Amino acid sequence: MFNMSLSRKSQLNITVTGPHQGVLGLVLFTIATTLPCCVFLFINLTMLYTLRSKRVFRDTSRYLLLFNLLLADTVQLTQSQSMFLLSAVMLTLLYPACAALTAFSSLTHCVSVVTLVAMCLERYVAVCYPLRHSAIVTTRNTAVVIAVIWCVSSSHVVIQLNLMLSQFAVQDLQNMQMMYYCGKESAFIDPVSDLYDRAFTYFLFLLGGVTVTFAYTGIIVAARSASTDEASASKARRTLLLHLLQLGLSMSATIYNSLLIVITSSLERVPAVRLQIVLYMCVIILPKCLSSLIYGLRDQNIRPVLMMNLMCQCSGSASIPKARPRSKRRAHGS
(Lines give C-alpha, C1' and ligand atoms only; values in the text may rest on other atoms or scores of the structure.)
Protein backbone atom coordinates (compact mmCIF):
# COMPACT_ATOMS: atom_id res chain seq x y z
CA MET A 1 0.00 0.00 0.00
CA PHE A 2 1.24 3.44 -0.87
CA ASN A 3 1.01 6.06 1.85
CA MET A 4 0.40 9.64 0.77
CA SER A 5 -0.38 11.19 4.13
CA LEU A 6 0.68 14.76 3.54
CA SER A 7 -0.91 17.37 5.77
CA ARG A 8 -2.38 19.46 2.96
CA LYS A 9 -4.00 16.35 1.44
CA SER A 10 -5.50 15.47 4.81
CA GLN A 11 -7.04 18.92 5.06
CA LEU A 12 -8.41 18.67 1.55
CA ASN A 13 -9.83 15.22 2.21
CA ILE A 14 -11.76 16.50 5.23
CA THR A 15 -13.37 19.19 3.10
CA VAL A 16 -14.34 16.87 0.28
CA THR A 17 -15.83 14.22 2.55
CA GLY A 18 -17.37 16.76 4.89
CA PRO A 19 -21.01 16.34 3.80
CA HIS A 20 -21.12 12.72 4.95
CA GLN A 21 -23.43 13.36 7.88
CA GLY A 22 -26.06 10.81 6.92
CA VAL A 23 -27.97 9.73 3.87
CA LEU A 24 -29.96 12.96 3.69
CA GLY A 25 -26.82 15.10 3.67
CA LEU A 26 -25.27 12.97 0.94
CA VAL A 27 -28.44 13.15 -1.20
CA LEU A 28 -28.71 16.93 -0.84
CA PHE A 29 -25.03 17.30 -1.60
CA THR A 30 -25.38 15.19 -4.75
CA ILE A 31 -28.50 16.98 -5.98
CA ALA A 32 -27.02 20.44 -5.39
CA THR A 33 -24.11 19.69 -7.71
CA THR A 34 -25.51 17.17 -10.19
CA LEU A 35 -28.74 18.93 -11.17
CA PRO A 36 -27.08 22.16 -12.43
CA CYS A 37 -24.38 20.06 -14.08
CA CYS A 38 -27.02 18.08 -16.01
CA VAL A 39 -28.68 21.33 -17.13
CA PHE A 40 -25.36 22.69 -18.39
CA LEU A 41 -24.58 19.40 -20.11
CA PHE A 42 -27.96 19.52 -21.86
CA ILE A 43 -27.24 23.06 -23.10
CA ASN A 44 -23.73 22.16 -24.23
CA LEU A 45 -24.84 19.02 -26.07
CA THR A 46 -27.62 20.94 -27.79
CA MET A 47 -25.11 23.59 -28.78
CA LEU A 48 -22.77 20.95 -30.18
CA TYR A 49 -25.64 19.47 -32.20
CA THR A 50 -26.54 22.96 -33.42
CA LEU A 51 -23.01 23.58 -34.68
CA ARG A 52 -23.17 20.38 -36.74
CA SER A 53 -26.71 20.83 -38.01
CA LYS A 54 -26.08 23.58 -40.58
CA ARG A 55 -23.56 23.72 -43.38
CA VAL A 56 -22.69 27.33 -42.63
CA PHE A 57 -21.51 26.28 -39.17
CA ARG A 58 -19.50 23.34 -40.49
CA ASP A 59 -17.75 25.45 -43.13
CA THR A 60 -16.94 28.54 -41.03
CA SER A 61 -13.63 28.63 -39.17
CA ARG A 62 -15.01 30.55 -36.20
CA TYR A 63 -17.70 27.97 -35.58
CA LEU A 64 -15.25 25.09 -36.02
CA LEU A 65 -13.08 26.57 -33.27
CA LEU A 66 -16.18 27.08 -31.13
CA PHE A 67 -17.17 23.44 -31.62
CA ASN A 68 -13.69 22.35 -30.52
CA LEU A 69 -13.89 24.57 -27.44
CA LEU A 70 -17.35 23.29 -26.52
CA LEU A 71 -16.30 19.68 -27.02
CA ALA A 72 -13.35 20.06 -24.63
CA ASP A 73 -15.48 21.94 -22.08
CA THR A 74 -18.25 19.33 -22.20
CA VAL A 75 -15.83 16.45 -21.68
CA GLN A 76 -14.15 18.31 -18.85
CA LEU A 77 -17.52 19.12 -17.27
CA THR A 78 -18.51 15.44 -17.32
CA GLN A 79 -15.22 14.30 -15.85
CA SER A 80 -15.17 17.00 -13.17
CA GLN A 81 -18.63 16.08 -11.94
CA SER A 82 -17.81 12.35 -12.01
CA MET A 83 -14.66 12.87 -9.95
CA PHE A 84 -16.54 15.14 -7.58
CA LEU A 85 -19.18 12.48 -6.96
CA LEU A 86 -16.48 9.85 -6.42
CA SER A 87 -15.01 12.02 -3.69
CA ALA A 88 -18.48 12.56 -2.20
CA VAL A 89 -19.04 8.83 -1.75
CA MET A 90 -15.44 8.37 -0.53
CA LEU A 91 -14.52 5.99 -3.35
CA THR A 92 -10.76 5.76 -3.86
CA LEU A 93 -8.97 4.57 -7.00
CA LEU A 94 -5.74 2.89 -7.89
CA TYR A 95 -2.95 5.41 -8.36
CA PRO A 96 -2.44 4.63 -12.11
CA ALA A 97 -6.15 5.21 -12.74
CA CYS A 98 -6.06 8.45 -10.80
CA ALA A 99 -2.94 9.59 -12.68
CA ALA A 100 -4.58 8.84 -16.03
CA LEU A 101 -7.77 10.74 -15.11
CA THR A 102 -5.77 13.70 -13.83
CA ALA A 103 -3.71 13.80 -17.02
CA PHE A 104 -6.85 13.54 -19.16
CA SER A 105 -8.31 16.50 -17.28
CA SER A 106 -5.15 18.45 -18.11
CA LEU A 107 -5.64 17.50 -21.77
CA THR A 108 -9.11 19.03 -22.05
CA HIS A 109 -8.07 22.07 -20.00
CA CYS A 110 -5.12 22.71 -22.31
CA VAL A 111 -7.30 22.29 -25.40
CA SER A 112 -9.82 24.81 -24.03
CA VAL A 113 -7.22 27.47 -23.26
CA VAL A 114 -5.30 27.15 -26.54
CA THR A 115 -8.56 27.12 -28.54
CA LEU A 116 -9.52 30.39 -26.85
CA VAL A 117 -6.16 31.78 -27.95
CA ALA A 118 -6.84 30.68 -31.53
CA MET A 119 -10.30 32.26 -31.45
CA CYS A 120 -8.81 35.58 -30.30
CA LEU A 121 -6.31 35.51 -33.17
CA GLU A 122 -9.12 34.72 -35.62
CA ARG A 123 -11.04 37.81 -34.50
CA TYR A 124 -7.86 39.89 -34.78
CA VAL A 125 -7.31 38.80 -38.38
CA ALA A 126 -11.00 39.36 -39.23
CA VAL A 127 -10.90 42.99 -38.06
CA CYS A 128 -7.34 44.05 -38.84
CA TYR A 129 -6.96 42.19 -42.16
CA PRO A 130 -10.51 41.84 -43.55
CA LEU A 131 -9.39 41.50 -47.16
CA ARG A 132 -6.97 38.68 -46.36
CA HIS A 133 -9.14 36.98 -43.75
CA SER A 134 -10.77 34.55 -46.18
CA ALA A 135 -7.35 33.53 -47.53
CA ILE A 136 -5.68 33.15 -44.11
CA VAL A 137 -8.50 31.69 -42.03
CA THR A 138 -9.73 28.85 -44.21
CA THR A 139 -11.50 25.66 -43.21
CA ARG A 140 -8.40 23.65 -44.06
CA ASN A 141 -6.10 25.89 -42.01
CA THR A 142 -8.53 25.78 -39.11
CA ALA A 143 -8.58 21.97 -39.19
CA VAL A 144 -4.77 21.99 -39.12
CA VAL A 145 -4.79 24.37 -36.15
CA ILE A 146 -7.25 22.17 -34.26
CA ALA A 147 -5.10 19.09 -34.97
CA VAL A 148 -2.01 20.92 -33.72
CA ILE A 149 -3.86 21.96 -30.56
CA TRP A 150 -4.77 18.35 -29.77
CA CYS A 151 -1.27 17.11 -30.60
CA VAL A 152 0.43 19.69 -28.37
CA SER A 153 -2.03 19.00 -25.55
CA SER A 154 -1.54 15.25 -25.93
CA SER A 155 2.24 15.60 -25.78
CA HIS A 156 1.80 17.55 -22.55
CA VAL A 157 -0.28 14.67 -21.16
CA VAL A 158 2.31 12.07 -22.19
CA ILE A 159 5.07 14.01 -20.44
CA GLN A 160 2.89 14.45 -17.37
CA LEU A 161 2.03 10.76 -17.18
CA ASN A 162 5.66 9.80 -17.65
CA LEU A 163 6.72 12.03 -14.76
CA MET A 164 4.01 10.63 -12.49
CA LEU A 165 4.50 6.93 -13.24
CA SER A 166 8.16 6.52 -14.21
CA GLN A 167 9.40 6.57 -10.62
CA PHE A 168 7.51 3.37 -9.74
CA ALA A 169 7.91 -0.22 -10.90
CA VAL A 170 5.08 -1.82 -12.86
CA GLN A 171 4.36 -4.38 -10.17
CA ASP A 172 4.13 -1.62 -7.55
CA LEU A 173 1.63 0.37 -9.61
CA GLN A 174 -0.81 -2.54 -9.55
CA ASN A 175 -1.08 -2.37 -5.74
CA MET A 176 -0.95 1.40 -5.14
CA GLN A 177 -4.34 2.34 -3.72
CA MET A 178 -5.15 6.01 -3.20
CA MET A 179 -5.80 6.89 0.43
CA TYR A 180 -7.62 10.11 -0.45
CA TYR A 181 -9.79 11.37 -3.27
CA CYS A 182 -8.34 11.59 -6.77
CA GLY A 183 -7.09 15.03 -7.77
CA LYS A 184 -3.97 16.98 -8.57
CA GLU A 185 -3.11 17.47 -4.92
CA SER A 186 -2.92 13.70 -4.41
CA ALA A 187 -1.76 12.62 -7.88
CA PHE A 188 1.37 14.78 -8.08
CA ILE A 189 3.51 12.93 -5.56
CA ASP A 190 6.86 13.70 -7.12
CA PRO A 191 7.90 17.38 -6.78
CA VAL A 192 9.15 17.29 -10.38
CA SER A 193 5.67 16.46 -11.76
CA ASP A 194 4.10 19.12 -9.58
CA LEU A 195 6.68 21.68 -10.74
CA TYR A 196 6.12 20.75 -14.38
CA ASP A 197 2.35 21.14 -14.01
CA ARG A 198 2.74 24.56 -12.39
CA ALA A 199 5.18 25.73 -15.06
CA PHE A 200 2.89 24.60 -17.87
CA THR A 201 -0.11 26.26 -16.20
CA TYR A 202 1.79 29.55 -15.91
CA PHE A 203 2.81 29.23 -19.56
CA LEU A 204 -0.83 28.80 -20.63
CA PHE A 205 -1.92 31.77 -18.56
CA LEU A 206 0.88 33.92 -20.01
CA LEU A 207 0.10 32.77 -23.55
CA GLY A 208 -3.58 33.58 -23.18
CA GLY A 209 -3.00 36.94 -21.49
CA VAL A 210 -0.45 38.12 -24.05
CA THR A 211 -2.59 36.98 -26.98
CA VAL A 212 -5.75 38.70 -25.75
CA THR A 213 -3.83 41.90 -24.97
CA PHE A 214 -2.14 41.86 -28.38
CA ALA A 215 -5.39 41.23 -30.26
CA TYR A 216 -7.36 43.80 -28.25
CA THR A 217 -4.69 46.47 -28.80
CA GLY A 218 -4.48 45.69 -32.51
CA ILE A 219 -8.27 45.98 -32.89
CA ILE A 220 -8.32 49.33 -31.07
CA VAL A 221 -5.61 50.67 -33.38
CA ALA A 222 -7.39 49.31 -36.46
CA ALA A 223 -10.71 50.83 -35.36
CA ARG A 224 -9.23 54.31 -35.69
CA SER A 225 -8.53 53.86 -39.37
CA ALA A 226 -11.16 54.82 -41.92
CA SER A 227 -11.02 51.46 -43.69
CA THR A 228 -12.20 49.47 -40.66
CA ASP A 229 -15.85 48.88 -39.87
CA GLU A 230 -16.40 50.51 -36.48
CA ALA A 231 -19.34 48.28 -35.56
CA SER A 232 -17.37 45.14 -36.39
CA ALA A 233 -14.37 46.38 -34.38
CA SER A 234 -16.58 47.22 -31.39
CA LYS A 235 -18.18 43.77 -31.45
CA ALA A 236 -14.75 42.13 -31.74
CA ARG A 237 -13.51 44.06 -28.70
CA ARG A 238 -16.45 42.86 -26.63
CA THR A 239 -15.84 39.30 -27.82
CA LEU A 240 -12.19 39.50 -26.77
CA LEU A 241 -13.17 40.81 -23.34
CA LEU A 242 -15.52 37.84 -22.97
CA HIS A 243 -12.70 35.53 -24.03
CA LEU A 244 -10.52 37.14 -21.37
CA LEU A 245 -13.24 36.43 -18.80
CA GLN A 246 -13.42 32.81 -20.00
CA LEU A 247 -9.66 32.51 -19.78
CA GLY A 248 -9.60 33.91 -16.25
CA LEU A 249 -12.33 31.56 -15.06
CA SER A 250 -10.65 28.61 -16.74
CA MET A 251 -7.32 29.38 -15.10
CA SER A 252 -8.98 30.00 -11.73
CA ALA A 253 -9.94 26.32 -11.69
CA THR A 254 -6.24 25.51 -11.23
CA ILE A 255 -6.27 27.08 -7.74
CA TYR A 256 -9.52 25.39 -6.69
CA ASN A 257 -7.82 22.80 -4.45
CA SER A 258 -5.65 25.46 -2.82
CA LEU A 259 -8.77 27.47 -2.01
CA LEU A 260 -10.33 24.38 -0.44
CA ILE A 261 -7.35 24.02 1.89
CA VAL A 262 -7.69 27.63 3.01
CA ILE A 263 -11.43 27.20 3.57
CA THR A 264 -10.92 24.03 5.60
CA SER A 265 -8.37 25.63 7.88
CA SER A 266 -10.48 28.76 8.41
CA LEU A 267 -14.08 27.54 8.79
CA GLU A 268 -15.96 24.80 10.58
CA ARG A 269 -17.05 21.71 8.65
CA VAL A 270 -20.65 22.63 7.78
CA PRO A 271 -19.92 26.20 6.54
CA ALA A 272 -16.85 24.89 4.72
CA VAL A 273 -18.92 22.29 2.85
CA ARG A 274 -21.53 24.85 1.84
CA LEU A 275 -18.88 27.25 0.63
CA GLN A 276 -17.18 24.40 -1.21
CA ILE A 277 -20.36 23.67 -3.19
CA VAL A 278 -20.75 27.34 -4.15
CA LEU A 279 -17.09 27.56 -5.11
CA TYR A 280 -17.30 24.36 -7.13
CA MET A 281 -20.32 25.61 -9.08
CA CYS A 282 -18.76 29.02 -9.80
CA VAL A 283 -15.18 27.97 -10.54
CA ILE A 284 -15.55 24.49 -12.06
CA ILE A 285 -19.06 24.06 -13.47
CA LEU A 286 -20.21 27.49 -14.68
CA PRO A 287 -17.15 28.31 -16.86
CA LYS A 288 -17.71 25.10 -18.84
CA CYS A 289 -21.12 26.38 -19.97
CA LEU A 290 -20.08 29.99 -20.51
CA SER A 291 -19.20 29.47 -24.18
CA SER A 292 -22.68 28.15 -24.98
CA LEU A 293 -24.32 31.07 -23.18
CA ILE A 294 -22.05 33.69 -24.79
CA TYR A 295 -22.35 32.50 -28.37
CA GLY A 296 -25.87 31.17 -28.04
CA LEU A 297 -27.19 34.56 -26.97
CA ARG A 298 -24.87 36.93 -28.88
CA ASP A 299 -24.39 35.28 -32.26
CA GLN A 300 -27.23 36.15 -34.64
CA ASN A 301 -26.66 33.01 -36.71
CA ILE A 302 -26.56 30.55 -33.81
CA ARG A 303 -29.26 32.00 -31.57
CA PRO A 304 -32.40 31.16 -33.61
CA VAL A 305 -31.16 27.66 -34.44
CA LEU A 306 -30.11 26.99 -30.85
CA MET A 307 -33.42 28.22 -29.43
CA MET A 308 -35.34 26.08 -31.92
CA ASN A 309 -33.30 23.00 -31.00
CA LEU A 310 -33.74 23.65 -27.28
CA MET A 311 -37.51 24.02 -27.65
CA CYS A 312 -37.70 20.91 -29.82
CA GLN A 313 -35.76 18.92 -27.23
CA CYS A 314 -38.03 20.14 -24.43
CA SER A 315 -41.31 19.65 -26.28
CA GLY A 316 -40.38 16.56 -28.29
CA SER A 317 -41.90 14.09 -25.85
CA ALA A 318 -45.18 16.02 -25.80
CA SER A 319 -45.47 16.20 -29.58
CA ILE A 320 -44.99 12.49 -30.25
CA PRO A 321 -48.38 11.28 -28.87
CA LYS A 322 -50.21 13.90 -30.96
CA ALA A 323 -49.01 12.34 -34.20
CA ARG A 324 -50.49 8.91 -33.50
CA PRO A 325 -54.23 9.73 -33.73
CA ARG A 326 -53.67 11.48 -37.06
CA SER A 327 -52.09 8.36 -38.56
CA LYS A 328 -55.01 6.27 -37.32
CA ARG A 329 -57.60 8.57 -38.86
CA ARG A 330 -55.78 8.44 -42.17
CA ALA A 331 -55.71 4.66 -42.06
CA HIS A 332 -59.45 4.58 -41.28
CA GLY A 333 -60.29 7.00 -44.04
CA SER A 334 -58.32 5.06 -46.61
Side-chain angles (χ1 to χ4, degrees), residues 2 4 9 12 16 33-34 37-38 40-41 44-45 48 67-89 91-117 146-168 170 173-174 176-178 180-190 192-205 207-208 246-247 249-257 260 280 283-285 287-289 291:
F2 187 71
M4 295 176 287
K9 294 167 188 171
L12 187 59
V16 174
T33 57
T34 304
C37 180
C38 291
F40 292 155
L41 277 175
N44 277 14
L45 291 174
L48 288 172
F67 182 88
N68 191 57
L69 175 65
L70 278 172
L71 178 62
D73 284 347
T74 303
V75 173
Q76 194 171 9
L77 175 61
T78 305
Q79 184 185 5
S80 298
Q81 182 62 18
S82 300
M83 299 303 295
F84 196 73
L85 293 178
L86 286 179
S87 67
V89 298
L91 180 62
T92 58
L93 304 174
L94 290 175
Y95 179 73
C98 178
L101 290 174
T102 303
F104 185 75
S105 177
S106 298
L107 169 67
T108 53
H109 177 260
C110 180
V111 169
S112 297
V113 174
V114 182
T115 303
L116 278 174
V117 170
I146 292 175
V148 170
I149 289 174
W150 282 95
C151 289
V152 172
S153 303
S154 299
S155 64
H156 162 61
V157 169
V158 171
I159 296 174
Q160 196 174 58
L161 274 175
N162 184 61
L163 291 175
M164 286 191 289
L165 301 179
S166 60
Q167 58 181 328
F168 305 107
V170 177
L173 291 174
Q174 298 175 356
M176 290 171 57
Q177 182 75 30
M178 300 290 294
Y180 304 124
Y181 92 111
C182 180
K184 284 188 175 182
E185 295 292 326
S186 54
F188 293 146
I189 306 169
D190 185 19
V192 177
S193 59
D194 184 55
L195 180 62
Y196 171 77
D197 179 72
R198 291 177 182 270
F200 192 82
T201 300
Y202 296 152
F203 168 75
L204 287 180
F205 184 77
L207 175 66
Q246 288 178 272
L247 181 65
L249 291 174
S250 180
M251 300 307 296
S252 66
T254 60
I255 62 172
Y256 172 73
N257 289 339
L260 289 186
Y280 173 75
V283 176
I284 303 296
I285 299 298
K288 305 302 182 295
C289 191
S291 299

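Keep in mind that this is a model prediction, so the values were computed, not measured.
Residues meeting the side chain to side chain contact (heavy atoms under 4.5 Å, CB included) test with T33, sequence neighbours left out: Q81, F84, L85, I277, Y280. With sequence neighbours left out, L101 forms a side chain to side chain contact (heavy atoms under 4.5 Å, CB included) with Q79, M83, L93. Checked against side chain to side chain contact (heavy atoms under 4.5 Å, CB included), V158 has no partners two or more places apart in sequence or in another chain. Applying the side chain to side chain contact (heavy atoms under 4.5 Å, CB included) rule to S153 yields the partners L107, C110, V111, I149; only residues at least two apart in sequence or on another chain are considered. For S106, the side-chain hydrogen bond (donor to acceptor under 3.5 Å, both in side chains) criterion is met by Q160, not counting sequence neighbours.
We find the OG1-OH distance between T201 and Y196 to be 9.5 Å, quoted to the nearest 0.5 Å. L163 CG to I159 CD1: the interatomic distance, rounded to the nearest 0.5 Å, is 7.5 Å.
Between L77 and C37 there is a side-chain heavy-atom pair separated by less than 4.5 Å. When side chains are defined from C-beta on, L41 does not count as touching K288, because their heavy atoms never get closer than 4.5 Å.
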Side-chain donor-acceptor pairs under 3.5 Å in residues 68-76, sequence neighbours left out?
from	atom 1	to	atom 2	distance (Å)
N68	OD1	W150	NE1	2.7
N68	ND2	T115	OG1	2.9
D73	OD1	S112	OG	2.8
T74	OG1	N44	ND2	3.3
T74	OG1	L70	O	2.7

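Outside the 6.0 Å centre-distance limit, the rings of H156 and F203 are not counted as a close aromatic pair.
Within a 6.0 Å radius of CZ in F200, other residues, nucleotides and ligands contribute more than 12 heavy atoms.
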